[in-house]
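Take a look at the structure below.
Start at 1 with the first residue, then count along the sequence. Read the numbers this way: they start at 1 and go in the same order the structure lists the ligands and their atoms. What you are looking at is a predicted structure, and each value in this text was computed from that prediction instead of being measured.
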Amino acid sequence: MSGIQASELVVAFNGTTVIHGLDVSIASGEWVGVIGPNGSGKSTLLRALAGAIPFSGTVQIGGVAIHDLDERQRAQMVALVPQRPVIPEGFTVTDYVYLGRSPHLRFLASEGPSDAGAVANAIEVLELAEMAGRRLPTLSGGELQRVILARAIAQQTPVLLLDEPTTSLDLGHQQQALELVETMRRSRELTVVTAIHDLTLASQFCDRLVMLASGRVVGEGEPEAVLTEESIGLHYGADVSVQRDPGGGIAVIPLRHRRS
Ligand code: ADP
Ligand code: MG
């Protein structure tokens, strides 16, 4: 079981509080989207859930407090795909995807066949085989984003935290990446939390949304309940029309009021 419970979560940077006593509960196998305007605390929340930054309050993964796990144990439970990962320049695509296997290696052990299999599988599903030998700085933004996702997939954790995984992908690759996450969620019973800017995609893929504003939860529930014209107007300062899409999700359409 790999549900996530955060309670009374507080995060401060240099004395400034950016997450104010937040409570969230994510069931094992659920896909929750974290939405909210720039600076509302989405990335900070994901980093706290991964145990990657100091916080007060508690975060439990599968009933175990993240504070009680060492770095390697945490990395076996949770893969975090950061918004702006550090890209090691000399690395090829394959080298980078192998980094996802490091939490599984025994001390001083070299990679074995199961590591090679996990890496090959991640490279295949993200259609990176053609560029497997290329060095990271030569990739386009979208290609790089797929490589970063591949590393997290190769990590084979029960919890996947994705910070804006589709932002630099074109429409086709956005859908492909999210469909892939959905397929893995079903086949491996992954628990998925994604910070996501595209509210239409969020409504189509996530079971539930948590909307943040200024480090507080201002909306939580099924996408239809959270994504209203009023809430988006209030918290994003955006003028939108919310429509039902023919596939059963919600389409959030920006409105432009032309000056006459
Ligand atoms: P979001 O991902 O929703 O855009 P973030 O979680 O990145 O927002 O940031 C929330 C707030 O915390 C912002 O005001 C940001 O400037 C601040 N913040 C984030 N990381 C740091 C940091 N390392 N040091 C200082 N302030 C930070
Ligand atoms: Mg962010």
Heavy-atom side-chain contact between Ile196 and Phe205 under 4.5 Å
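Of all side-chain heavy-atom pairs linking Phe205 with Ile196, none is under 4.5 Å.
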Under 4.5 Å between any side-chain heavy atoms of Val147 and Glu143, yes or no?
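No, side chains not in contact.
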Polar contact flag, side-chain donor to acceptor under 3.5 angstrom, Ser241-Gln243:
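Yes.
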Would the distance check show the side chain of Gln155 and the main-chain N or O of Ala75 forming a donor-acceptor pair, the cut-off being under 3.5 Å?
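Side chain of Gln155 to backbone of Ala75: a pair is present.
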Is a side-chain donor or acceptor of Thr94 paired with a backbone partner of Ala132 at a separation under 3.5 angstrom?
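At least one qualifying donor-acceptor pair exists.
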After noting the C-alpha distance and the side-chain angles of Ile66 and Arg74, does the key distance pass the side-chain contact (heavy atoms from CB on, under 4.5 Å) rule?
CA-CA 7 Å; Ile66 199 117; Arg74 276 204 311 266; 3.3 Å; yes
Given a heavy-atom cut-off of 4.0 Å, could you list the residues near ligand 1 in chain and number order?
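Within 4.0 Å of ligand 1, protein side: Phe13, Val18, Pro37, Asn38, Gly39, Ser40, Gly41, Lys42, Ser43, Thr44.
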Between His67 and Phe55, how do the two ring planes meet: parallel, tilted or perpendicular, split at 30° and 60°?
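Geometry flag for Phe55 against His67: parallel rings.
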Using the test side chain to side chain contact (heavy atoms under 4.5 Å, CB included), find all partners of Val218 that sit at least two apart in sequence or belong to another chain.
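Side chain to side chain contact (heavy atoms under 4.5 Å, CB included) list for Val218, sorted by chain: Met211, Ala213, His235.
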Check salt bridge (Lys or Arg N to Asp or Glu O under 4.0 Å) between Glu182 and all other residues, then give those that pass, not counting sequence neighbours.
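With neighbours one apart ignored, the set is Arg185, Arg186.
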What count do you get for protein N/O/S atoms less than 2.8 Å from the Mg ion (ligand 2)?
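Every protein N, O or S atom under 2.8 Å from the Mg ion (ligand 2) counted, the figure is 2.
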